[in-house]
Amino acid sequence: MEINQLVKICGKIKDIKRTGWKYKNVNFPESDADHSFGVALLVMLLTPKHLDLLKSIKLALIHDLPEIYAGDITPHDNMSPETKQQNEMLAINKISQELKYKELTELFVEFEEQKTAEAKWVKALDKLETVMTAKYYDDNHRSKETLINEFSAYAKAQIDKIDCSETDIIKNILNNLTKGDKNE
């Protein structure tokens, strides 16, 4: 692995500001690196013992890595899921080649295919982390509008689509985050 490529990749993921927060005019929005760290921390703290913790942490750390080249595409961007997936596969393959680390592509494919319990778990935690960030932004006046209701409703709908028994843990956390919210 060439150290200059690693410096470039680590720097680029820190430069990408999360698109959803930019659309919501959040002051000082998190980067993809911030978000991936948050997901990895949730994985470390919440993963049930029967799931592979190391694999889950790896999935959390790389799940948005392709955005370095493919961009952070949201539903607001109206890109077809097929085009988004194709762009992200090209990007993760490029990153894997640049870092000479084939496992990055394998992990990303596992995350995208959502066939393993770990991939499903990390996908659900990815949604939870976004809601936690929305709450943080609301609580710290980093946005002109309240974000928690919109982002929690979207997260709940996405988590309901994930076939994973462990998502009950996440649903309970989401309910506690939005409990007492007058608009919920």
Side-chain angles (χ1 to χ4, degrees), residues 6-46 56-92 94-95 99 104 107-108 110-112 114 119-162 167 170 173-174 177-178 181 183:
L6 184 57
V7 168
K8 180 178 114 179
I9 297 300
C10 287
K12 283 183 177 268
I13 197 159
K14 292 174 186 175
D15 287 342
I16 300 169
K17 299 302 178 197
R18 305 261 296 156
T19 305
W21 304 130
K22 291 192 313 187
Y23 285 143
K24 294 297 182 180
N25 298 309
V26 169
N27 296 322
F28 311 109
E30 71 177 341
S31 70
D32 269 9
D34 297 326
H35 168 68
S36 294
F37 170 80
V39 176
L41 185 61
L42 289 175
V43 166
M44 185 181 82
L45 297 174
L46 299 175
S56 298
I57 289 173
K58 287 179 177 182
L59 291 168
L61 290 171
I62 65 89
H63 80 281
D64 279 344
L65 201 56
E67 293 179 9
I68 290 170
Y69 295 123
D72 182 15
I73 305 302
T74 68
H76 184 270
D77 296 310
N78 294 321
M79 180 182 286
S80 75
E82 297 79 21
T83 300
K84 180 178 186 269
Q85 182 180 37
Q86 186 177 43
N87 291 347
E88 288 179 343
M89 281 308 303
L90 290 171
I92 197 66
K94 181 176 180 177
I95 294 165
L99 296 178
L104 293 175
L107 288 165
F108 184 73
E110 179 177 344
F111 181 77
E112 286 296 300
Q114 290 290 291
K120 293 172 184 181
W121 173 246
V122 173
K123 181 77 157 189
L125 288 175
D126 174 39
K127 302 307 176 197
L128 173 62
E129 196 284 334
T130 301
V131 175
M132 292 173 69
T133 301
K135 179 158 180 48
Y136 175 79
Y137 289 161
D138 286 351
D139 291 350
N140 291 279
H141 310 289
R142 289 178 67 175
S143 179
K144 293 178 178 136
E145 60 184 285
T146 303
L147 302 169
I148 188 78
N149 293 328
E150 176 184 348
F151 282 85
S152 64
Y154 179 78
K156 287 175 184 177
Q158 295 302 305
I159 290 168
D160 283 342
K161 295 177 187 175
I162 298 171
T167 58
I170 296 168
I173 294 170
L174 282 172
L177 283 172
T178 58
D181 222 13
N183 297 325

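What's counted below: heavy atoms across the whole structure, side chains too, no hydrogens, waters or symmetry copies. For the single chain, residues carry numbers from 1 onward in sequence order.
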Donor-acceptor pair, distance only, cut-off 3.5 Å: does the side chain of E112 make one with the backbone of Q85? no
V39 and L128: CA distance, side-chain angles, deciding distance, side chain to side chain contact (heavy atoms under 4.5 Å, CB included) verdict: CA-CA 8 Å; V39 176; L128 173 62; over 6 Å; no
Would you call K8 and K12 a side-chain contact if the rule is heavy atoms closer than 4.5 Å? yes
Could K17 and E30 be called an ion pair, given the rule that one side-chain N must be under 4.0 Å from one carboxylate O? no
Check the pair Y137 / K24 against side chain to side chain contact (heavy atoms under 4.5 Å, CB included), numbers first and verdict last. CA-CA 11 Å; Y137 289 161; K24 294 297 182 180; over 6 Å; no
So how far is it from T167 OG1 to I170 CD1, rounded to the nearest 0.5 Å? 6.5 Å
Would L147 and R142 count as a side chain to side chain contact (heavy atoms under 4.5 Å, CB included) if you check the C-alpha gap in whole Å, the side-chain angles of each, and the deciding distance to 0.1 Å? CA-CA 10 Å; L147 302 169; R142 289 178 67 175; over 6 Å; no
A side-chain contact here means heavy atoms from C-beta on lying under 4.5 Å apart; do K127 and V131 qualify? no
For residues 61-72, which residue pairs qualify under salt bridge (charged side-chain N to carboxylate O under 4.0 Å, His left out), counting only residues two or more places apart or in two chains? R18-D64
Is there a side chain to side chain contact (heavy atoms under 4.5 Å, CB included) between I159 and L174? Walk through the geometry before answering. CA-CA 10 Å; I159 290 168; L174 282 172; 3.6 Å; yes
Once you round to the nearest 0.5 Å, how far does CD1 of I92 lie from CZ of F111? 11.5 Å
Does D32 offer a backbone N or O that forms a donor-acceptor pair with the side chain of S36 under 3.5 Å? yes
Provide the closest heavy-atom pair for I62 versus P66 in the form atom of the first, atom of the second, distance. O-CD, 3.7 Å
Ion pair present between K135 and D139, side-chain N to carboxylate O less than 4.0 angstrom? yes
dist L59:CG -> K120:NZ (nearest 0.5 Å) comes out at 13.0 Å
Atom CD1 in I148, atom CG in L177: separation rounded to 0.5 Å? 5.5 Å
Quick check for you: to the nearest 0.5 Å, what is the distance between H63 atom NE2 and D126 atom CG? 3.5 Å
How long is the gap from CD1 on I95 to CD on E88, to the nearest 0.5 Å? 10.0 Å
Could you list the residues that satisfy ring pair (Phe, Tyr, Trp, His ring centres under 6.0 Å) with Y154, not counting sequence neighbours? none
Under the rule for ring pair (Phe, Tyr, Trp, His ring centres under 6.0 Å), what residues qualify as partners of F151, not counting sequence neighbours? W21
